Amino acid sequence: MGTPVIANMEDASSTPQPDVLAALRGIVGHRHVLTTAGATRRFRRGYRFGEGAAEAVVRPGTLLELWQVFETCIRAGRIVIVQAANTGLTGGSTPNGDDYDRPVVVINTLRIDAIHPIGEGHQVVCLAGATLDRLERTLARFGREPHSVIGSSCIGASVVGGVCNNSGGSLVQRGPAYTEYALFGRVDADGVPRLVNHLGIELGDDPREILRRVQVGDFRPQDIEETPRGASDADYAERVRDVDADTPARHNADPDRLFEASGSAGKVLALAVRLDTFARADASAVFYIGTNEPADLTRLRREMLSNLETLPVAAEYMHRDCYDLARRYGKDTFLAIQALGTRRIGALFALKSRFDAFIEAIGILPRFLGDRLLQRANTLFPEHLPRRMNAFRDRFEHHLILKASGPGVREARDWLASRWTGDGRAFFECTPAEGTKAMLHRFAAAGAAVRYRAVHAETVEDIVALDIALRRNDQDWVETLPTDIAASTVHRLYYGHFFCHVFHQDYIVARGHDPVALEHRMLALLDRRRAAYPAEHNVGHLYKGGPAQIAHFRKLDPCNCMNPGIGGASRRAGWVCEIEDKSPI
């Protein structure tokens, strides 16, 4: 596996606290150490949830700078929170509040975005800030694909972030992001930062040389060991086919998918990961499926997973209410991706965040002005969804977007033609343009609740956003809420990865109702259904970590100086118990 552990660099010395900012500026340059509220806002505030105070946000440009920043902060007694694109939905890559027991420094890794293909692109080494979009483009010339396509890549999510958060994805065959091969920094019980090379690449013993070689991809074929252990979740396709199993196919706290950087949730400094890639799908087809009976989709899922020789590529579910809100409040996201591709979306989110920070600093203009202006701009554009999709919206409550490739196209087409007949259900095979738009619409749904909250702030208290994994044999997948809970919500959005039995459930809570209390009640209902949660977005500061997760965190970070408080655990140095439980769930 290469040199397993390399101690801290020999010339590192303890940095007096008053000199921390000066030391950080000496490493990365003045312009990459941000300290003002406006400059740090987009790094301190989560995409959907979470916000807190930070002494500084530091943006290193190389792995060596990243390591030196990390070491400086740890030796100065700082809490370190590492983030890339900050696209998480549970607040796990930002500070949470301003009552930590030590100053917080956020390290943003997006400037360190190199990707090094291995073996004609069959594997890759991705550095800390490499994005899924960049990985997709890098692999295109090899005819390969990453673990996840479109979904998270639309908003610039990072490869390493996906691994650290056990992120799922929309692709039926590939499971959660996972690897046992990583280069990472950790802080041992003695408080000393150490570099760990488990990339399976022989890089020598000198820390600076290791970081330099990984930075530029300076390794030869003979330096690269085979990967007898996992560089992906290789058995997921078999697991998802077991439709009679009484457990979820995947969920965030699965003990079998917690390994060093994988599932670390920011408890180590992940510098680089080594991952498998996948052959790009052959000629594909998208089928748009509608029904008014959930039992129809239950039968479809069970029969296709059990009997089709070739697994479908994706099977994305949307309820009609979600379709409607995404159609109206996700339109600008849809149009931006359609016009610009995923490459520029991250930059657009950053631009909007800077605009929002400027408006907040002025203090006299309406809140969420950026969202309100974008929503108003939506009305200037014509209908963006295909006519046949909108016709299905009028006819059917439940929608499924099924994508198949290679021989799976004929299998899916034949099954639907022979089995998806009768009143109350129908399907059509999309044109290439319709298929692309159907998938874009599904992924625009993820931000629809956030936009609705901003535009209707006077009637909305907040959003309760859950992502859940049902048991593979659970046929009762449609949620029925008690009347009083339903009455406290303005809208309820249901969408997800149907064949994986992973669902996203966004509840827009009406003004005057307590979202935290509501969430507690909803989770109690999920417990009775034996659902697992979260399914793919990690615990962040919204969920309590399971016993295996918390044990994983404590093993990785015995000093509790990396992203403390994650999963509702202690925020204090040395894992000292807190008087008050800070986790809302």
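Residues: numbered from 1 along the sequence shown. Worth saying up front: this structure is predicted, and the values here are computed from it rather than measured.
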Handout entry: Ring geometry between H501 and F498 (parallel below 30°, tilted from 30 to 60°, perpendicular above 60°)
Key = perpendicular

Handout entry: Salt bridge flag under 4.0 Å for residues R257 and D235
Key = yes

Exercise for the section: For the pair D233 and R174, find out whether any cationic side-chain nitrogen is under 4.0 Å from an anionic carboxylate oxygen. Expected result: no

Exercise for the section: Output yes when D133 and R137 qualify as a salt bridge under the 4.0 Å nitrogen-oxygen rule, no when they do not. Expected result: yes

Practice task
Flag the pair R229 / T179 as yes when at least one side-chain heavy-atom distance between them is below 4.5 Å, and no otherwise.
Solution key: no

Handout entry: Ionic contact status for K555 with E260, cut-off 4.0 Å
Key = no

Practice task
Quick one: do L311 and L305 satisfy side chain to side chain contact (heavy atoms under 4.5 Å, CB included)? Show the steps, please.
Solution key: CA-CA 7 Å; L311 277 177; L305 286 176; 3.6 Å; yes

Completion exercise
Note: W420 and R299 closest approach over all heavy atoms is CE3-NH2, 4.5 Å

Problem - Cation-pi, Y236 ring and R239 (6.0 angstrom, 45 degrees) - result: no

Problem - H399: which of Y495, Y494, F428, Y288 passes ring pair (Phe, Tyr, Trp, His ring centres under 6.0 Å) - result: Y288

Practice task
Kindly check if the number of other-residue, nucleotide or ligand heavy atoms within 6.0 Å of CZ (R410) is above 12?
Solution key: no

Practice task
Please check if any side-chain donor atom of N390 sits under 3.5 Å from a side-chain acceptor atom of Y323, or the reverse.
Solution key: yes

Problem - Rounded distance (nearest 0.5 Å) linking atom NZ of K267 with atom CE of M562 - result: 8.0 Å

Problem - pair Y452-I463: side-chain heavy atoms closer than 4.5 Å - result: no

Problem - Flag for R492-Q505: side-chain donor and acceptor within less than 3.5 Å - result: no

Problem - Residue of the set Y317, W477, F499 for which side-chain contact (heavy atoms from CB on, under 4.5 Å) holds with R301 - result: F499

Exercise for the section: Provide the closest heavy-atom pair for N166 versus S262 in the form atom of the first, atom of the second, distance. Expected result: ND2-C, 4.2 Å

Practice task
State, yes or no, whether a side-chain contact exists between V82 and N563 at a heavy-atom distance under 4.5 Å.
Solution key: no

Exercise for the section: Give the minimum heavy-atom separation between E429 and A285, together with the two atoms involved. Expected result: OE2-CB, 3.6 Å

Practice task
Using a 4.5 Å cut-off on heavy atoms from C-beta on, say whether the side chain of Q338 contacts that of T436.
Solution key: no

Handout entry: Basic-acidic side-chain contact under 4.0 Å: R442, E316
Key = yes

Completion exercise
To the nearest 0.5 Å, atom CG of L556 lies from atom CG of L269 at 12.5 Å

Problem - Distance-only polar pair, side chains of T131 and R134, donor-acceptor under 3.5 Å - result: no

Handout entry: Ion pair R453/D462, N-O distance below 4.0 Å
Key = yes

Problem - Side-chain touch S306/R241, heavy atoms, less than 4.5 angstrom - result: no

Problem - Side-chain ion pair, D324 and R393, N-O less than 4.0 Å - result: yes

Handout entry: Donor on one side chain, acceptor on other, T247 and R472, under 3.5 Å
Key = yes

Practice task
Would you tell me whether Q123 and T227 have side-chain atoms, one donor and one acceptor, within less than 3.5 Å of each other?
Solution key: yes

Practice task
Could you tell me whether E293 and R425 have a side-chain N and a carboxylate O separated by less than 4.0 Å?
Solution key: no

Handout entry: Matching residue for T277 among R144, H122, E120 - test: side-chain hydrogen bond (donor to acceptor under 3.5 Å, both in side chains)
Key = R144

Problem - Side-chain (N165) to main-chain (H537) donor-acceptor, under 3.5 angstrom - result: no

Practice task
Evaluate side chain to side chain contact (heavy atoms under 4.5 Å, CB included) for L416 paired with L300, printing each intermediate quantity in order.
Solution key: CA-CA 9 Å; L416 289 167; L300 179 149; 4.1 Å; yes

Practice task
Inspect the contact between R530 and D246 and indicate whether a charged nitrogen and a carboxylate oxygen are less than 4.0 angstrom apart.
Solution key: yes

Problem - Salt bridge R521-D484, side-chain N to carboxylate O under 4.0 Å - result: yes

Practice task
Supply the atom-to-atom distance K437 NZ to L385 CG, rounded to the nearest 0.5 angstrom.
Solution key: 8.0 Å

Completion exercise
Distance col, row D506:CG vs L493:CG, nearest 0.5 angstrom, shows 5.5 Å

Practice task
I would like to know whether V243 and N473 meet side chain to side chain contact (heavy atoms under 4.5 Å, CB included); could you show each step before the answer?
Solution key: CA-CA 5 Å; V243 296; N473 64 354; over 6 Å; no

Handout entry: Distance-only side-chain donor-acceptor flag, H497 / E536, under 3.5 Å
Key = yes

Exercise for the section: With rounding to the nearest 0.5 Å, note down the distance linking CG in L258 to OH in Y178. Expected result: 8.5 Å

Practice task
Show the numbers, then the answer: is there a salt bridge (Lys or Arg N to Asp or Glu O under 4.0 Å) between D244 and R302?
Solution key: CA-CA 9 Å; D244 292 316; R302 291 179 61 84; 2.6 Å; yes

Exercise for the section: Pick out which of L127, L271, N197, I201 makes a side-chain contact (heavy atoms from CB on, under 4.5 Å) with V214. Expected result: L127

Exercise for the section: Could you check if a side-chain atom of N86 sits within less than 4.5 angstrom of a side-chain atom of T94, using non-hydrogen atoms only? Expected result: yes

Exercise for the section: Kindly indicate whether the side chain of V124, heavy atoms from C-beta on, has any atom under 4.5 Å from the side chain of L135. Expected result: yes

Practice task
Verify side chain to side chain contact (heavy atoms under 4.5 Å, CB included) between S264 and F184, making sure each step is shown before the conclusion.
Solution key: CA-CA 11 Å; S264 59; F184 60 94; over 6 Å; no

Problem - Pairwise distance CD1(I468) to CZ(F503) - rounded to 0.5 angstrom - result: 7.0 Å

Completion exercise
Closest non-hydrogen contact found for Y543 with L466 is OH-CA, 3.3 Å

Problem - Pairwise side-chain contact, L525 with L481, heavy-atom cut-off 4.5 Å (strictly under) - result: yes

